[in-house]
Amino acid sequence: MAEIQIKGVAKSFGAFTALHSVDMTISDREFMVLLGASGCGKTTLLRIIAGLETPTKGEVWIGGRRVDHLPPKERGIAMVFQNYAVFPHLTVFENIAFGLRMQKMPQAEVQRRVHRCAELMHIEQLLKRYSGQLSGGQRQRVAVARALAMEPEVILMDEPLSNLDALLRLEMRSELKGVLAESKTTAIYVTHDQVEAMSLADRISVMNGGHIVQSADPVEVYRNPAARFVAGFIGNPPMNFLPAEKVGSGRYRVAGTDVAGPDTDTRIDYAIRPEDLTLAEPGQGLAATIRVVEPLGAHTLVTCDVDGASFRAVIDSDSRVNPGDRLSLAPMADRVRWFDKETGLSVQ
Amino acid sequence: MPRYLPYLLLLPATVFLIIFFLYPFTQVAIESVTSNGEWSLANFQKATSHWKFGEAFKNTMLLAALVVPIQLVMSLTMATVVQKLQKGRSAILYIFAIPLGISDLAAGLIWLSIFEQSGFLNSMLVGLGLIEQPILYLSYQSPWIILFAIVLAEVWRATAIMMVIIVAGLGLIPREYGEAAEVFGATRWQRFYKVTLPMLRPSLQTALILRVILAFEVFAVVIALGGTQMPVLMSETFNWQFNLQDRGVAAAYAMVILAVSVLFTLIILRALHVPKEART
Ligand SMILES: Nc1ncnc2c1ncn2[C@@H]1O[C@H](COP(=O)(O)OP(=O)(O)OP(=O)(O)O)[C@@H](O)[C@H]1O
Ligand SMILES: [Mg+2]
């Protein structure tokens, strides 16, 4: 049983605040993905959970035990470091075995675990090499294997697959998910890659500037972003935004069309995902002028001008469109979202 | 860039070394294996058959064997402590480095002024009423105290040189390795022993070679504290050159010191060798 609870954790480096009071609970065996732009505090949060950094405020609990005063080795965690930290003076085998040796595990069991994890990460043929003889991606897999070999209750992974090519990453990703599910490990996984986040996560926590902006399952984060930041960060291409002008109670004027919206007095923006638009008869929907056409195979991405703003739509690749064409884009009504202009928060 | 440019740039330094080092060195080397204008090992026979040679050799080795390990442990400990400091690191480094700026003869004299019969140690003990009479520490009747005083003075004088090298070496080890070891369950001691020490090998090599060679050349501190009570290889070289006026035997002694230094350098290089693939 290893539930992780983070209660009001804040971290300042001198005058700079890297984390502002983070609250988060990761249930036992959950696969939590931390997603956020560079510098938003993901590594800092992992290091606090690992015990490599002391929080300025707040508490960390693992498996019902308060751990923020305990050294890393007493927290029952293993970690994959963002910069690998594969020991240069040890072979790949001894690197993977490092944690097991510290526990004075019998040699046979060490052998078994090292070979199993190396196989999983496709690095069995590298076991005798030193890290100086490995590529970045191989080193990264050694770092992952070293953490897996511990068979920990909690595994913290800081962008563990960032250096692999697309194909290998895809493969490792599913292997990793399989192994961790099987071993009943609670995992926190940091990534920049939203596709990776969506495909791995039981739950995604989106961070921005030292805050957790939203923590929800992948589909929820995608469909109902809690804030404009999340809407823009998740989804490729990102969500479209258009200014909305209030014309009556719960009525808005968006790019020359009348739309029903939330009944509120705050100034809000209209938002719709590019794939939630369909081509409509002229006069129904948003009037758009195509600027760029990018065929993507199954779909075609068009970038248009709508009411002077840049606006993207994903349409069927059979629709023959050219730059300069005028389109009418009809949004699926239940997919329209609204965000407060000032706070950026979602408005229902 | 022309291919010969690097060699051209190294030329002045090379010429300087040849004239002022290689030439006199060869002279001494030749001198040690010639007597009366003929090739012979007579100088070495004369040197080694003298009763003081064995004594000098034994004392030199004993001093090195005592001083270097003590300094190694102390400098590693001090460097680790200094490395951890948040503030005042350079100030502490400067303070530790002060003895480095003092010549070995001056260092010997400083410790002599502590240990001699009318020295600080006796005045302090008498002042505190712990002893009635000043004690004669550095006498031929108590060679162990002389040895102790010399070891103390040497440790005091030359630990900092090792420490400075090790501090620099520690600074080169990225922090993440220690952190990884910590996360994977290494205790403080295991972290030091399994991660820091192996990664420190290149600096340890430098520090040890430097220190061991200096230990075989120990001279002024021994003379200041032990006088003629404790012959060492270097003092015997001096003795043959200036008191006994036999340059050939002095040259033979110099060659012995050289041979011992080279031998130990090779041993240290070998023992602390880092295979190319295991370097960072
Ligand atoms: N030791 C430190 N001293 C001062 N500032 C720090 C320190 N460590 C991190 N920071 C700052 O804290 C912020 C968060 O850093 P962190 O490493 O957690 O970012 P990250 O989300 O992991 O970014 P990336 O995705 O680029 O790895 C950054 O602005 C960084 O500059
Ligand atoms: Mg990071």
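Values below: every heavy atom of this structure, side chains too, minus hydrogens, waters and symmetry copies. Chain identifiers are assigned alphabetically (A, B, ...) following the order of the sequence lines, protein sequences preceding nucleic acid strands; residue numbering begins at 1 within each chain.
With a threshold of 4.5 angstrom between heavy atoms, R101(A) does not approach chain B through any atom at all. Of the two parts of M150(A), only the side chain, counted from C-beta on, holds a non-hydrogen atom closer than 4.5 Å to a non-hydrogen atom of chain B. Proximity to chain B is limited to the side chain of F81(A), based on heavy atoms less than 4.5 angstrom apart. Only the side chain of R175(B) comes within less than 4.5 Å of a heavy atom in chain A; its backbone stays farther off. Interface remark: V195(B) contributes backbone and side-chain atoms alike to the contact with chain A (heavy atom separation under 4.5 Å).
In this structure a side-chain-to-backbone donor-acceptor pair under 3.5 Å is present from H89(A) to K194(B).
Relative orientation of the F184(B) and F98(A) rings is perpendicular, given thresholds of 30° and 60° on the angle between their planes.
For chain B, the option among G99(A), A85(A), G132(A) with the highest count of heavy-atom pairs below 4.5 Å is A85(A).
Counting non-hydrogen atoms of other residues, nucleotides and ligands closer than 6.0 Å to CZ of F13(A) gives a total above 12. The local environment of CZ in R188(B) is sparse, with at most 12 non-hydrogen atoms from other residues, nucleotides or ligands closer than 6.0 Å. Environment of CZ in F148(B): sparse, with no more than 12 heavy atoms of neighbouring residues, nucleotides or ligands closer than 6.0 Å.
Annotation: side chain of R75(A) is not in contact with side chain of V183(B) (no heavy-atom distance under 4.5 Å). Looking at R47(A) and E179(B), their side chains come closer than 4.5 Å, going by heavy atoms from C-beta outward.
Rounding to the nearest 0.5 Å places CD of Q190(B) at 4.5 Å from CE of M102(A).
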